[in-house]
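Below is one structure, written out as structure tokens; comments come after it.
Fair warning: this is a prediction, and the values are worked out from it, not measured in the lab.
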2 protein chains.
Amino acid sequence: MSRPSSPSISQVANRSGVSKSTVSRVLNNHQHNFSVKDATRRRVLAAAAELNYRPNPIVRSLSAKRTNLIALLGLTDFGSGIRGGIELAANALMHRLYADGYELCVNVLSPREPAFAPPRWRVDGAIAINNHDAQQIDALDRSGLKYVTVNGPPGPHGASVTVDDDAGTRAAVHHLRTLGHRCIAYAPPEEYNLHDSLHRRRDAYARAMDEVGLAAVPGYDQLGRSAFDTLRSAVRDHGATAVIAYHDQIAIKLLRAAATLNLRVPHDVSVMCFNDLPPCGDLVPSLTAMALPNEQMGEQAAALLLEQTENPSSDPRHVKLPERLVIRESTAPPPNV
Amino acid sequence: MSRPSSPSISQVANRSGVSKSTVSRVLNNHQHNFSVKDATRRRVLAAAAELNYRPNPIVRSLSAKRTNLIALLGLTDFGSGIRGGIELAANALMHRLYADGYELCVNVLSPREPAFAPPRWRVDGAIAINNHDAQQIDALDRSGLKYVTVNGPPGPHGASVTVDDDAGTRAAVHHLRTLGHRCIAYAPPEEYNLHDSLHRRRDAYARAMDEVGLAAVPGYDQLGRSAFDTLRSAVRDHGATAVIAYHDQIAIKLLRAAATLNLRVPHDVSVMCFNDLPPCGDLVPSLTAMALPNEQMGEQAAALLLEQTENPSSDPRHVKLPERLVIRESTAPPPNV
DNA sequence: TTGAAAGCGCTAACAC
DNA sequence: GTGTTAGCGCTTTCAA
């Protein structure tokens, strides 16, 4: 309950024999209407270093115009033991922002807090990750804060970084078609989720199949079915020789379902998935995957946000990043070729 | 850059026609030296509700004695795309604290920030997750803050929740021994990490083998070797018929190594691992695992911390939670039985 | 080139 | 019962 003993700006001021204002101005490198004698600056910097002084970024935000704080929104829990690529994006993002002199602040975590509510302290911008729809970020959008959505639909006034699931799906279908497959199924996740990739990939599949003159295998739009049922229906009832899975987790279940059904992968049926995360490459057979550009998403998000905060009048940009086909063991020509 | 428009306590005060203090006292349910007319209380609550007022928890911590904030320390990045169980612990912890009226606050994230530095705003307690050693939490320990370490060694003045790797390892060896195995290897992770489980499990393995009169298979203490090399050496050079893996990730690589070496699991070699996380149960073969009590760790951590904060003179407690054997397909009697 | 003082949102000690 | 005021750590006017 005791006050954390980290040094305050007053202590630095005392130690260096100047006022708090001067300390603040020196440490923040103020140029406007301000200059210091070199000796003073050095004394201040020395005192700060000796005390290991670090300003409290949130207190600073009480009064400062610019805070160098970027809020990371959308983190309402720590994951469910199932990890997605978004962590990789968040890491890349953090490092990029840091390089530009910003810090990332994560909202206080509480089940009661709305997921994308702008923070209650002042920040220079916000990143909304994995928002399901545009409505979810309504409050953020109306706050006037500059923001970017990452891997979710953009809001009216924000920039966005998304992933080109359309092209990715087309490339996936193309890959399988080139191998000789003519009956290609799509496996939605076993469990509902609200992320828009759920619809995006499903619809992209239907479109891509249509484009190349193949019929979508029934069941592709059926949610809540087990991987086992999806695979059995696709292969046994509809003659599918390949399955594109919504993500790696469902693909792993498909591999197991195949084993149970005495189907060899890829000999009897090819399996591939979106999102190339561990352990995709280590499975037997290793999984062909449409890799998502996780790190690039983070970097782009940081870049787009900085554009906005540093040039407030610029129009928010929308970037769509390509996915990348990683061919491994789980896809091969169909049995009858 | 514009100030987020979230309402301040002054606005609530204006709207309800009372002073800020009264608003504060009503909303914080003060009892000591304070009572309100019911009409006033209702007006305040109504105004707060209408404005959707939420106090800024960090600003509150500037002056409040008690903040109802618990700091979560140790989160320096968002993960590496590889799942861990600690997220499950953190979730359980958050919900438990929330139920008791606390909120969790995550430090501002920055690569420059020391991992376990106590926050620079006032909190009622702290949780340090996955600390590697006691030294890492030195600053925290000296701060006088009440804290718990979760899944890491305790500090001199803090409570701790750990996992009984010793008993777990013994149970793993017992399981395999009961199946008939006499030559049981241990596979350390491919990549170095600093977490103390690295030594704990390795040493526990050596001890457990010793206790039942079996010889530890050489290589168990060799870090940085690939799963493939570990398995080949254990099976080919030393006749191992079973391998206990440090975690699920290395176990998955062992499965692949086995396939490459034309070893069937579990027919030729049994594989099991610590940490039962997805996709352990979905692999082919599904992995026998020593499950870690992730959620319980979180709950216990919250409980131990609350004990400390609510009864500051009580001695910090140390809880060690049991692991649980989950038998699946990847372990079976050795080939020659 | 620097300091004093006000103020950010909130709580707590002290009035009345 | 309720208001007034000081102060938490920091930045930013305004003065000098």
Task: Touch class at under 4.0 angstrom, heavy-atom based, for A:Thr22 against every strand present - done: sugar-phosphate
Task: Nucleic acid contacts - residues 39-50 of chain A versus DNA chain D, non-hydrogen atoms under 4.0 Å - done: none
TODO: Round to a whole Å and report the spacing from CG of A:Leu69 to C1' of D:dC10.
DONE: 13 Å
Open item on the list: My understanding is that only residues two or more places apart in sequence, or in another chain, count here; which of them pass side chain to side chain contact (heavy atoms under 4.5 Å, CB included) with A:Asp133?
Closed with: A:Gln135, A:Gln136
- [ ] Could you grab the distance from atom OG1 of B:Thr149 to atom CG of B:Leu140, nearest 0.5 Å is fine?
- [x] 9.0 Å
Open item on the list: So B:Ile129 and B:Asn151, do their side chains get closer than 4.5 Å, heavy atoms only?
Closed with: no
Task: Rounded interatomic separation in angstrom, taking CZ from A:Arg120 and P from C:dG9 - done: 13 Å
Task: A:Asn193 side chain vs A:His195 backbone, donor-acceptor pair below 3.5 Å - done: yes
- [ ] Rounded off to whole Å, could you give me the CG-to-C1' distance for the B:Leu62 and D:dC8 pair?
- [x] 5 Å
Open item on the list: Is a donor from one side chain sitting under 3.5 angstrom from an acceptor on the other, for B:Ser24 and B:Ser21?
Closed with: no
TODO: Quickly work out the A:Leu27 CG to D:dC10 P distance and round it to whole Å.
DONE: 10 Å
Task: Bending between helix ends of the helix from C:dT1-D:dA16 to C:dC16-D:dG1 [5 pairs per end, 10° resolution] - done: 50°
- [ ] For A:Trp121 and B:Val59, run side chain to side chain contact (heavy atoms under 4.5 Å, CB included): C-alpha distance rounded to whole Å, both residues' side-chain angles, the deciding distance at 0.1 Å, then the answer.
- [x] CA-CA 8 Å; A:Trp121 48 84; B:Val59 166; 6.0 Å; no
- [ ] With rounding to the nearest 0.5 Å, note down the distance linking CG in A:Leu93 to CG in A:Leu104.
- [x] 6.0 Å
Task: Nearest heavy-atom neighbours spanning B:Arg60 and B:Pro55 - done: NH2-CG, 3.5 Å
Task: Rounded distance (Å) that lies between atom P of D:dC10 and atom CH2 of A:Trp121 - done: 16 Å
- [ ] Scan residues 15-26 of chain A for pairs that pass salt bridge (charged side-chain N to carboxylate O under 4.0 Å, His left out), counting only residues two or more places apart or in two chains.
- [x] A:Arg15-A:Glu50
Task: Nucleotide-resolved protein contact map, nucleotides 10-16 of chain C, B/S/- at heavy-atom distance under 4.0 Å - done: BSBB---
Task: NZ/NE/NH1/NH2 to OD/OE distance under 4.0 Å, B:Lys146 and B:Asp124 - done: no
Would you tabulate the side-chain donor-acceptor contacts of residues 38-46 of chain A under 3.5 Å, counting partners in other chains and residues two or more places apart, or write 'none'?
{"from": "A:Asp38", "atom 1": "OD2", "to": "A:Arg42", "atom 2": "NH1", "distance (Å)": "2.7"}
{"from": "A:Arg43", "atom 1": "NH1", "to": "A:Ser16", "atom 2": "O", "distance (Å)": "2.7"}

Task: Length of the NZ-P vector between B:Lys37 and D:dG3, whole Å - done: 10 Å
